[in-house]
Amino acid sequence: MARIRLESVGKRYPNGFVALEELSLEIADREFVVLLGPSGCGKSTTLNLIAGLEDVTAGSLYFDSTLMNVVPAHKRDVAMVFQSYALYPHKSVYENIAFGLRMRGHPRAEIESRVKDAARSLEIEPLLERRPHQLSGGQRQRVALGRALVRQPAAFLMDEPLSNLDAALRIAMRAEIKKLHHTMRTTFVYVTHDQAEALTLADRIVVMREGVIQQIGSPEEIYDRPRNTFVASFLGNPPINYLEGTLAADGARFVRGGLSLALPPELSKKIGAENGRQVRLGIRAEDVDPRGTGETLQGRISSVLPVGSDQFLGVEVEGTTLFFRVGRELRAAEGENVALSVNMNRAQIFDSSSGASLLWK
Amino acid sequence: MSIRAGALRGVFGAPVSRYDQASALWLLAPMLAVLLVVAVFPVLYSFWISLFDLRLTRPHRVPFVGLDNYLEVLQDELFWSSVWRTTSFTLMSVTAIMVIALAMALLLNEEFRGRRFLSAMLLVPWAIPYVANGLMWKWIYDSGYGALNGLLFQLDFIDKYMVWLGDSHKTLALIANAFVWKEVPLATILLLVGLKSIPADLYSAARVDGADLWRRFVHITLPALRPSFMLVMIYETMMAIRHFDLFFILTEGGPAEASHVLAWQVYVETFRKLSFGTGSALAYIMALVTFLLAFWLIRTLGRKL
Ligand SMILES: Nc1ncnc2c1ncn2[C@@H]1O[C@H](COP(=O)(O)OP(=O)(O)OP(=O)(O)O)[C@@H](O)[C@H]1O
Ligand SMILES: [Mg+2]
């Protein structure tokens, strides 16, 4: 029903602060787009512009081909779930869910059946007579979802809807939201700073930083082909490791002090033959194998952090500490030396000064 | 936690909760003593007096009359007409206060140029003592050199100076006007606090849900404001019922009995007729009525919170 298009959209707050500069983004109908970025990067601002809660101060916002810049929020066919849930405290759960339909003048009988349906699908039927203050956090969250989905809006906007839930519930709700997207068949725009949420939910992820889009792509693209160090660092747990060094052997080797790693031909082809160029090698924490062969990193183990199924190893290599995720079967102790083979096919190479990827444009 | 609890038990030899209660009592004791002397004792003593036929015109004979003072008061026609005038004064004042204060609070809750100045101006009537306020309005309403006459005359609304407070149809409304002017600031501030405590997200949610400005006011602002609104209304109702200063300064109950309200009646009984027995009985009836009214308001309106 709704394609959302932002064309060079800017947002300058009344105090003069420019939160967004020239943001262009096209969200397809029924797409699940996640806005991802650190705190203060302008995710909520973008969402509020789409909802009409804030005015666009530059550029244009379209729903399908209709210019929405000056359409007030209450006339846009979008629903929103807030981080605080923002349930109406003096209304019952039923009235909370029914409110949007009432405001749009649906007949009473239809409202009742739609509210009941929504409540049933979210399993909150027994709570309909309660007030928000009589609910647990998870239940409130469901009511907030119910309030949005009952309207069957053209677009579903969510601003960190899960961040107030405990870890287990958060993962369960992730699955529910994904299911919701499948059944609702509408456009979802979802804001989070949790990379795991973004990776599980999104059709496409929009990585933002200080009001500027860094990269747009599918979760795999964003994870495997980050366009710069900011995107690379933002995803992955523990975060990607960097080694500063230079290119040698016509772009076929990465050298740092006594360390010299051969780059696979596909990678070095992309980089081009630039001997002596200062680069930053990125190795994801999981891209090492203690038993493998090929290119290896030698180092002293400085820390061992078991995390259930895996363990995080801090390894000192050439004067920097790198963090890797390896299986529990490796018997590692602090102070020991270790040799880890690196999956160089998954290595990332960035320009040292700009941080831009030399592999992915 | 357990260490702290243990320490407390070590010192006082009692479980923590008992320690809390006992120490709370000790901490409250000085205030309780003061209240006992300045509040509880006079209240009880005036009830005691209301059971005697105590007249300062005849101080040597003070017979015990039981509830006769109350009967006498209730059989007095002037009492019932005072009740009526008090009621209409209260209705007028409180309605006006609530409407104006709500409008002011809504206005001051918005961002606009001059908001700070307006907020500061709003505090002026509040800062003026009741008696000064009375004297000021006495001057404004004065028939010879009053500001109201001057203003209306210059604007050609009237062709001769009026004896405002001498018109028995207008007296009560004019006094109410002065009372409202004095009371609106506090009411506004209390309502404004209520407004400020409404989370902004609720308005965002309502906007996305399709509610226009008016419906956001009805569905978000009004319900959220109800507790403050109730509080202010009950407080102002009690203030209006018991108000005395303006009646004393502006009209002394006149002209004739046009502004003869209950509070004034208490004063007349006690300090003009020097009949402390009936005066106390009257005061007690007023207190009881005020109390019951407040109780009723809280029960009926307060429950819908
Ligand atoms: N009303 C406002 N006036 C001025 N600046 C604002 C206003 N609202 C937000 N900002 C600023 O705009 C920037 C983006 O804010 P926004 O709320 O969009 O961040 P966010 O990405 O949602 O962050 P978070 O993850 O912490 O919610 C921040 O630097 C913030 O300080
Ligand atoms: Mg935010």
Side-chain angles (χ1 to χ4, degrees), chain A residues 14-15 44 47-55 71-92 95-106 111 131-133 140 143-144 146-151 153-161 164 189, chain B residues 98 102 105-117 119 190-234 297-305:
Chain A
N15 68 353
S44 299
L47 209 63
N48 289 342
L49 292 181
I50 297 174
L53 295 173
E54 293 283 355
D55 293 329
V71 177
H74 65 268
K75 298 215 172 113
R76 299 186 186 189
D77 188 18
V78 300
M80 189 155 169
V81 178
F82 296 81
Q83 180 176 358
S84 65
Y85 311 143
L87 300 180
Y88 310 123
H90 44 271
K91 292 188 189 295
S92 67
E95 285 301 327
N96 262 280
I97 299 176
F99 188 69
L101 297 175
R102 278 207 206 300
M103 290 302 108
R104 286 179 163 77
H106 291 267
I111 292 178
R131 294 280 194 85
H133 70 89
R140 278 177 215 183
V143 176
R147 188 170 66 178
L149 74 87
V150 75
R151 284 187 25 217
F156 221 104
L157 312 178
M158 303 192 176
D159 194 349
E160 312 205 21
N164 287 338
V189 186
Chain B
M98 297 318 292
L102 182 61
L106 288 170
L107 181 68
L108 291 177
N109 196 33
E110 298 299 318
E111 278 300 330
F112 60 91
R113 278 179 71 87
R115 187 179 64 95
R116 285 171 164 274
F117 177 73
S119 312
L190 290 174
L191 291 180
L192 195 55
V193 171
L195 279 178
K196 293 260 184 237
S197 67
I198 304 175
D201 267 3
L202 290 183
Y203 290 104
S204 297
R207 280 167 73 187
V208 174
D209 265 344
D212 55 23
L213 189 68
W214 170 247
R215 281 148 141 193
R216 292 199 293 275
F217 176 70
V218 171
H219 287 277
I220 309 291
T221 312
L222 278 189
L225 207 53
R226 197 175 274 154
S228 330
F229 196 87
M230 284 305 308
L231 177 84
V232 176
M233 196 163 97
I234 290 168
L297 280 172
I298 293 171
R299 284 302 291 273
T300 54
L301 299 167
R303 186 178 305 167
K304 295 193 200 110
L305 293 186

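Numbers restart at 1 for each chain; the letters A, B, ... are given by sequence-line order, proteins then strands. The basis for the numbers below is simple: all heavy atoms, side chains too, and nothing from hydrogens, waters or symmetry mates.
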Could you list the donor-acceptor pairs under 3.5 angstrom formed between side-chain atoms of residues 191-198 of chain B and any protein atom two or more places apart in sequence or on another chain?
| unit_1 | atom_1 | unit_2 | atom_2 | d |
| --- | --- | --- | --- | --- |
| K196(B) | NZ | N109(B) | OD1 | 3.2 |
| S197(B) | OG | G194(B) | O | 2.8 |

What pair of heavy atoms forms the shortest contact from [X] to [Y], and how long is it?
| X | Y | value |
| --- | --- | --- |
| V208(B) | A79(A) | CG1-CA, 3.7 Å |
| L108(B) | R115(B) | O-CD, 3.3 Å |
| A73(A) | L53(A) | CB-CD2, 4.2 Å |
| F156(A) | A148(A) | CZ-CB, 3.5 Å |

Counting heavy-atom pairs under 4.5 Å with chain B, the top scorer among P72(A), A51(A), S84(A) is S84(A)
Chain A contact via A206(B) - which portion, at a heavy-atom distance below 4.5 Å:
both
Could you tell me which residues in residues 213-222 of chain B have at least one non-hydrogen atom under 4.5 Å from a non-hydrogen atom of chain A, sorted by residue number?
R215(B), R216(B), H219(B), I220(B)
Main chain of G100(A), side chain of R147(A): is a donor-acceptor contact present, judged purely on distance under 3.5 Å?
no
So what's closer than 4.5 Å to chain B heavy atoms on Y88(A): side chain, backbone, both or neither?
both
Measure distances from L157(A) to the heavy atoms of chain B and classify the residue's part below 4.5 Å as side chain, backbone, both or neither.
neither
Regarding R151(A) and D209(B), does a basic nitrogen lie under 4.0 Å from an acidic carboxylate oxygen?
yes
If you measure from CG on L87(A) to CZ on F82(A), what distance do you get to the nearest 0.5 Å?
10.5 Å
